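Not measured: the values here are computed from a predicted model. Residue numbers begin at 1 in each chain, while the letters A, B, ... track the order of the sequences. Keep in mind that the numbers below use all heavy atoms, side chains included, and drop hydrogens, waters and symmetry copies.
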Amino acid sequence: MTASFDLFADSPEEQRVALGPQAVVLRQKASPLAAELVARIEDVLQHSPLYQMATPGGKPLSVRTTSCGTHGWSSDPTGYSYVRHHPLTDQAWPEIPAAWSALATEAAQEAGFAQFAPDTCLINQYGLDSKMALHQDRSEQDLRQPVVSISLGMSALFLWGGMQRSDKPAHVLLHHGDMVVWGGVDRLRFHGIKHLTGAPHPQLGAMRYNLTLRRAR
DNA sequence: TAGTCGCG
DNA sequence: CGAC
């Protein structure tokens, strides 16, 4: 079931936007918390450098990616999977910053998913030319566990689709500090990012980071 | 097939 | 929106 209209997040007082029975956008009022989240990105990237992945068919992704947690999401010629080591450094992924996992657990709770304990966080860095085609998150072992996505930096146009790739997606503008949580009947909804929009971010410049916290195992 | 193209 |  796809929304028949576009959702535009232009009212700052709006805290929650329902995307489905078990999917919601949570917007933070102020951003001291978001600033703290941003500060931890630098820590993680220092030990876990961004790199460019490609689809199993060999098409490069337009985002740069890295991970933290016990597992990291990976795409390579053999398919999508979770791996325990950074493919370039061969080192174990750094720990998920406590501020990130605590916030993800809290957001999941808010969305109706109790005791969410992420073991992986995918970090996607978007530039002005980056986008993400419609896809499903389905490499996780237990699909009863939700997905928590945190937006930082420039705003972006989020595509919220249906259970089939051809379903027409709703458009949702995501801003710095916004979180999207989805699970249950909405867990396999197709989603993507059309493009960045608005002004460069004061701290991050013409960049957006998306933190996707999941339970891989 | 987490990308991109070609057709309408 | 199907096809690769």
Side-chain angles (χ1 to χ4, degrees), chain A residues 1-6 19-20 23 25 41 44-45 48-69 71-88 93 104 118-143 145-174 178-183 186-197 207-217:
Chain A
M1 199 73 72
T2 302
S4 57
F5 52 90
D6 293 350
L19 295 178
V25 182
I41 293 178
V44 170
L45 296 189
S48 192
L50 292 163
Y51 63 103
Q52 187 174 32
M53 289 198 285
T55 65
K59 304 287 182 62
L61 305 194
S62 61
V63 293
R64 295 203 301 158
T65 299
T66 194
S67 286
C68 53
H71 293 73
W73 185 81
S74 172
S75 172
D76 66 32
T78 67
Y80 304 139
S81 61
Y82 280 97
V83 297
R84 291 185 170 278
H85 300 275
H86 193 295
L88 298 188
W93 305 102
D119 62 2
T120 179
C121 177
L122 180 66
I123 299 153
N124 281 146
Q125 183 197 60
Y126 290 76
L128 294 176
D129 295 325
S130 299
K131 61 200 175 195
M132 181 80 68
L134 287 173
H135 67 279
Q136 296 171 300
D137 291 22
R138 57 182 312 157
S139 302
E140 298 72 36
Q141 194 168 78
D142 181 2
L143 295 178
Q145 299 294 320
V147 177
V148 176
S149 165
I150 303 173
S151 295
L152 296 168
M154 272 184 74
S155 301
L157 196 54
F158 181 62
L159 303 175
W160 181 245
M163 300 300 290
Q164 303 203 246
R165 206 191 196 204
S166 56
D167 291 343
K168 180 184 165 137
H171 292 58
V172 184
L173 205 45
L174 295 181
D178 288 352
M179 295 181 286
V180 187
V181 183
W182 66 96
D186 291 314
R187 181 61 173 71
L188 291 177
R189 293 271 285 242
F190 277 84
H191 57 280
I193 289 287
K194 194 171 177 71
H195 54 68
L196 301 193
T197 185
M207 208 80 89
R208 171 179 185 262
Y209 287 95
N210 187 76
L211 312 177
T212 311
L213 293 114
R214 290 175 285 219
R215 184 79 193 185
R217 300 290 170 159

Problem set entry | Which residues share a salt bridge (Lys or Arg N to Asp or Glu O under 4.0 Å) with A:D142, sequence neighbours left out | A:R144

Check the distance between [N]'s [atom2] and [X]'s [atom1] and give it to me in whole angstrom.
X: A:H191; N: B:dT1; atom1: NE2; atom2: P; result: 16 Å
X: A:M53; N: B:dT1; atom1: CE; atom2: C1'; result: 15 Å
X: A:K194; N: B:dT4; atom1: NZ; atom2: C1'; result: 13 Å

Exercise. Does A:T55 place a side-chain N or O at less than 4.0 Å from the phosphate oxygens OP1/OP2 of B:dG3?
Worked result: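 Checking B:dG3 against A:T55, no side-chain N or O comes under 4.0 Å of OP1 or OP2.
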
For this session: Would you mind reporting whether A:V25 and A:W160 have side-chain heavy atoms less than 4.5 Å apart?
Result: no

For this session: Remember a base hit wins even if backbone is also touched, and classify A:R64 as base, sugar-phosphate or nothing at under 4.0 Å, heavy atoms.
Result: nothing

Exercise. With sugar-phosphate meaning primed atoms plus P, OP1 and OP2, does A:S75 contact a base, only sugar-phosphate, or nothing at under 4.0 Å between heavy atoms?
Worked result: nothing

Under 3.5 Å: donor-acceptor pair, side chain of [X], backbone of [Y]:
X: A:S48; Y: A:S67; result: yes
X: A:S62; Y: A:K131; result: yes
X: A:T212; Y: A:S149; result: no

Report each atom pair, protein N/O against N/O of nucleotides 1-4 of chain C, whose distance is under 3.5 angstrom.
residue: C:dC1; atom: OP2; partner: A:S166; partner atom: O; Å: 3.0

For this session: Would you please name every residue forming a side chain to side chain contact (heavy atoms under 4.5 Å, CB included) with A:L128, sequence neighbours left out?
Result: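 Scan of A:L128 (side chain to side chain contact (heavy atoms under 4.5 Å, CB included), adjacent residues dropped) gives A:M154, A:L196, A:A206.
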
For this session: Return the set of residues passing side chain to side chain contact (heavy atoms under 4.5 Å, CB included) with A:T65 (not counting sequence neighbours), or none when no residue passes.
Result: A:M53, A:V63, A:L122, A:N124

Problem set entry | Positions of residues 125-134 of chain A (non-hydrogen atom under 4.0 Å from DNA chain B), listed by number | A:K131, A:M132, A:A133, A:L134

For this session: For this output row, return yes or no: ring centroids of A:H71 and A:W93 closer than 6.0 angstrom.
Result: no

Problem set entry | B:dT4 and B:dG8, which share atom name P, separated by this distance in whole Å |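 Straight-line distance between the two P atoms is 23 Å.
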
Problem set entry | P gap between B:dG3 and B:dC7, integer Å |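 Per the computed distance, 23 Å lies between those P atoms.
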
Considering non-hydrogen atoms only, spot the tightest contact between [X] and [Y] and give its length.
X: A:D137; Y: A:R187; answer: O-NH1, 2.7 Å
X: A:V148; Y: A:A104; answer: CG2-O, 3.8 Å
X: A:L134; Y: A:G192; answer: CD2-N, 3.8 Å

Please list each protein N or O that sits under 3.5 Å from an N or O in nucleotides 6-8 of chain B, with the distance.
none

